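Proteins get letters first, then strands, A, B, ... in listed order; numbering begins at 1 in each. This one's a predicted model, so the numbers in the text were calculated from it and none came from an experiment.
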Amino acid sequence: MPNPEVIVVETDLLILGGGMAACGAAVEAAHWAKQNGLKVTLVDKAAVDRSGAVAMGLSAINQYVGLKDGANTLKDYVDYVRNDLMGVTREDLVANIARHVDSSVHLFEKWGLPIWKDEGGKYVHEGRWQLMINGESYKVVVAEAAKNALLGSGVGQIFERVFIVGPLMDGDRCAGAVGFSVRENKVYIFRSKATLTAMGGAVHVFKPRSSGEGMGRAWYPPWNSGSSAYFTLKAGAEMTCQEVRFIPVRFKDAYGPVGAWFLLFKSRATNAMGGNYMEERRSELEKWGPYGRVKPVPANLRNYLGMLDVLEGKGPISMRTEEALTKIAEQYKDDPKAYQKKMKELESEAWEDFLDMTISQAILWAASDVQPEQKSSEIAAAEPYFIGSHSGASGAWLSGPEDLQTGETKSEYFWGYTNMSTVKGLFCAGDASGASSHKFSSGSHAEGRIAAKAAVKFIVENNSLPKLDQAEADKIVAEVLKPLETFEQNKKLTTDEDVNPNYIKPRSFMFRLQKIMDEYAGGVTAQFSTNKAQLERALELLAFLKEDAEKLAAANTHELMRCWENVHRMWQAEAHVRTMLFRDETRWPGYYMRADTPQLDEEKWHVFANCRCDPKTGTWEMLKRPIYRIFEPQAAAK
Amino acid sequence: MPSFVNPEKCDGCKALDRTACQYICPNDLMVLDKNTQKAYNRDPAMCWECYNCVKICPTQAVQVRGYADFVPLGASVTPLRSTDSIMWTVKFRNGNLKRFKFPIRTTPEGSAVPDGGFESKGDLSSTALFTEPASLGLPEVHGLNTRGDAHA
Ligand SMILES: Cc1cc2nc3c(=O)[nH]c(=O)nc-3n(C[C@H](O)[C@H](O)[C@H](O)COP(=O)(O)OP(=O)(O)OC[C@H]3O[C@@H](n4cnc5c(N)ncnc54)[C@H](O)[C@@H]3O)c2cc1C
Ligand code: SF4
Ligand code: SF4
């Protein structure tokens, strides 16, 4: 990419990302922008039809509250999330998503997403909050509405295959973003009055269990690389819950979903001796304060009980598919015809669960001749991921809505615009927003809508284009392109492009990051365990890595994207390590264990652990923020 | 391999300015070899086996061979996607075959109307999103005192 064209795009609202949250933002923003004569620009590194975590499809909508039928209240959802996150959650943010999420689900249905219905026309639930869908085209349908909204109304434009590197600032206000095309010889400077970050979470920060060719088979898609965290950190935004990683337990190796087996088929998981850790280790739950007593048992505690079995040499852990299916068969033992029909239905449901969202698992079962009615299948804890929209919680620290505050919360949780970060004009949604987990695909879409509406309001009330400091912009553009130049200048020093004394290629850089995180920050190899000394060692090694990031080299624009993805991952890693170090207790034992402080310390640590990196000096600041209740505590958790 | 291209079937999307598989891959993996005019996956170790390149290829040239480091050889999972449904053929290592067909959408392609037909009447300062409260099926958006049991 020698001398790329630098293109300046001026817009009112800039939406970064094209996933669930960004598509929600686009649909909502288009309406309010048209009413107010504003322009909206959406930028995705991929094709919006099939980008983000839902690119393959999904088999369930995981958040539906059922407000119109009075099935649940906002408080019910807040209770569920707070308990699952071991007491650490922003109730105002969770309640805000919960009061709007059904609206997004009803729109999905109108747009054409097949949601399962029973004979009475009611949605079929997988669990209390989950709806079953035929979700192969979930993302296609949601993207279609977003595109129709932006392009059909004439207010919007969409850039695909433009990778966003980092923010542009005007003092303490976000002034837009810088990115480059991976298809054309172009660098983009996007100038905006408000910016909405929705670039997903992060994978491959930790070494994956799979190796070689299978390295891309992480549970979380390899293309979300921590761009949201990098963008908000670099803008100087306060971050929250950076220690709250997510480790899903899934079918081993291919990471196929287990939800249908546990919830629909009521399957158990047992160890090598046939023992059920959820029963045998029940007393362990007592050690985790009020959270060990709630139902459902928090995801990390369920993980933890299984991990204890593995640590004791009682693996493998198996999903008892054969037992679950036999039990179902028993119910039909007098009616072979009904049984045949039921089994056919279940078989199709089980396979659809894989084919809709983890096709690799279908391949693995077929390649190993698995017959689930005859033989159980192994499950295992995956490597850690950052996905604040799922069962993790990492993201930016945001203002909540004014009307969901109490006298106590208002001064801590509210500063003007809903879902605005501590940086003026910078809004976040989906995985980019913190302390509001369990929003999943539907809640991320709803949160994108919430943030977009607030961002439009911000623009109307602050209707000036932030200044562009040309010298600063030139500097950033040069920095973005530097890996290409480093490659050109040094490539003659070696006969092997990948091994050069003066530079490091992005893949090797990623391996180095993953090794540090895996061994010192509680990855798979370290059995998800770490301590103060290990974390300090991780910081030492990350400091070298950060220096060497200046020597990343790219032979083409594809590699240039890989370089920046890994810089983004590195920043996510540093925020994670620093926050685990700060919180000297263990609160989410099945996600990570601080072996030197192996217990819950409710008195000292029932708080949010926040951090901020000063963009001017590069110094990190760690902060405690109070956790206030908005809803009355549930009896069990009092 | 994860995804791989059968050279006999790939026609390089007839030299159009962008190939379908390159357009769709979320991880920017599929590229066209300028000399052979055939597509290939440039970095199989970063492939998620999301099948988007497989589903979109007009000539069914793209297939997936399970990750070599943990998947035994011999199986295949092949989709055929139409405008309203998808048909899957699962071939087991032992030769067994299973077929599944699932709906993928209930509306014609391209027809998604952003407001879903729900009335918009909110204003920029209200808590209601543009299709609300209609799209909630409620008379109004909940606040702390409607369905919340909040602290006073
Ligand atoms: C394996 C898996 C299974 C899941 N199962 C379910 C389920 O069954 N039900 C459910 O409801 N939810 C499920 N979820 C959760 C759901 O997918 C997420 O909550 C949701 O996608 C989050 O939305 P988002 O917009 O924050 O991120 P995403 O939807 O991931 O979107 C991120 C977007 O950012 C773009 N992007 C990233 N980096 C950049 C950059 N640098 N520049 C420009 N663009 C960039 C991406 O291309 C993408 O468009 C699952 C998630 C995973 C990973
Ligand atoms: S979409 Fe199919 S035919 Fe077109 S270039 Fe790719 S593999 Fe070849
Ligand atoms: S399967 Fe998915 S990730 Fe792999 S090359 Fe095809 S589109 Fe890309």
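Only the backbone of A:Gln405 comes within contact range of chain B, judged by heavy atoms closer than 4.5 Å. Contacts of B:Val71 with chain A are made by both backbone and side-chain atoms, with heavy-atom separations under 4.5 Å. Contacts between A:Tyr220 and chain B at a heavy-atom distance below 4.5 Å involve the backbone alone (N, CA, C, O). Both the backbone and the side chain of B:Ser125 come within less than 4.5 Å of a heavy atom of chain A. Contact annotation for B:Trp88: only side-chain heavy atoms (C-beta onward) come within less than 4.5 Å of a heavy atom of chain A. Heavy atoms of B:Asp123 lying under 4.5 Å from chain A belong exclusively to its backbone. Proximity to chain A (any heavy atom under 4.5 Å) is restricted, for B:Asn52, to the side chain, taken from C-beta onward. B:Arg81 touches chain A through its side chain: at least one heavy atom from C-beta onward sits under 4.5 Å away, while N, CA, C and O do not. Heavy atoms closer than 4.5 Å to chain B are found in the backbone of A:Val370, but not in its side chain. For B:Tyr23, the parts sitting under 4.5 Å from any heavy atom of chain A are the backbone and the side chain alike. Contact of A:Val78 with chain B is not made at all, since no heavy-atom distance falls under 4.5 Å. Heavy atoms of B:Lys98 lying under 4.5 Å from chain A belong exclusively to its side chain. Only the side chain of A:Asn36 has a heavy atom closer than 4.5 Å to any heavy atom of chain B. Residue contact with chain B, scored on non-hydrogen atoms closer than 4.5 Å, is absent for A:Pro401. With a 4.5 angstrom heavy-atom cutoff, B:Ser126 touches chain A via backbone and side-chain atoms both. Using a 4.5 Å cut-off between heavy atoms, B:Asp84 makes no contact with chain A at all. Residue contact with chain A, scored on non-hydrogen atoms closer than 4.5 Å, involves the side chain of B:Ile86 exclusively.
When atom types are taken as modelled, the side chain of A:Thr406 and the backbone of A:Thr409 share a donor-acceptor pair closer than 3.5 angstrom. Looking at B:Tyr67, its side chain does come within 3.5 Å of a backbone N or O of B:Cys47 through a donor-acceptor pair. Of the possible donor and acceptor atoms, one in the side chain of A:Lys139 sits under 3.5 Å from a partner among the backbone N and O of A:Ser51.
Counting heavy-atom pairs closer than 4.5 Å to chain A, the top-ranked of the candidates B:Thr106, B:Asp28, B:Val64 is B:Asp28. With respect to chain B, the highest number of heavy-atom pairs below 4.5 Å among A:Met561, A:Glu565, A:Lys457 belongs to A:Lys457. Among B:Thr107, B:Asn27, B:Val77, the residue making the largest number of heavy-atom pairs under 4.5 Å with chain A is B:Asn27. Of the listed residues (B:Cys50, B:Pro26, B:Ala75, B:Gly122), the greatest number of heavy-atom pairs within a distance under 4.5 Å of chain A belongs to B:Pro26. Contact tally against chain B (heavy-atom pairs below 4.5 Å) for A:Lys45, A:Glu144, A:Met357: the top residue is A:Glu144. Of the listed residues A:Val27, A:Asn148, A:Val105, the one with more heavy-atom pairs under 4.5 angstrom with chain B than any other is A:Asn148. Among the candidates B:Met46, B:Arg42, B:Lys91, the residue making the largest number of heavy-atom pairs closer than 4.5 Å to chain A is B:Arg42.
By a heavy-atom distance cut of under 4.5 Å, B:Thr131, B:Glu132, B:Ser135, B:Leu136, B:Gly137, B:Leu138 are the residues of residues 131-139 of chain B near chain A, going up by number.
Salt bridge status for B:Asp43 with A:Arg507: present, with a side-chain N to carboxylate O gap under 4.0 Å. At a threshold of 4.0 Å, the pair A:Lys147-A:Asp49 counts as salt-bridged, since one of the basic side-chain nitrogens sits closer than that to a carboxylate oxygen. A salt bridge links A:Glu136 with A:Arg50; the closest basic N to acidic carboxylate O contact falls under 4.0 Å.
Remark: A:Ala218 engages A:Val203, A:His204, A:Glu383, A:Tyr385 in a side chain to side chain contact (heavy atoms under 4.5 Å, CB included) (not counting sequence neighbours).
Using modelled atom types and a 3.5 Å distance limit, the side chains of A:Ser103 and A:Arg449 yield a donor-acceptor pair.
Within the cation-pi definition used here (under 6.0 Å to the ring centroid, within 45° of the axis), A:Lys453 does not qualify as a partner of B:Phe130.
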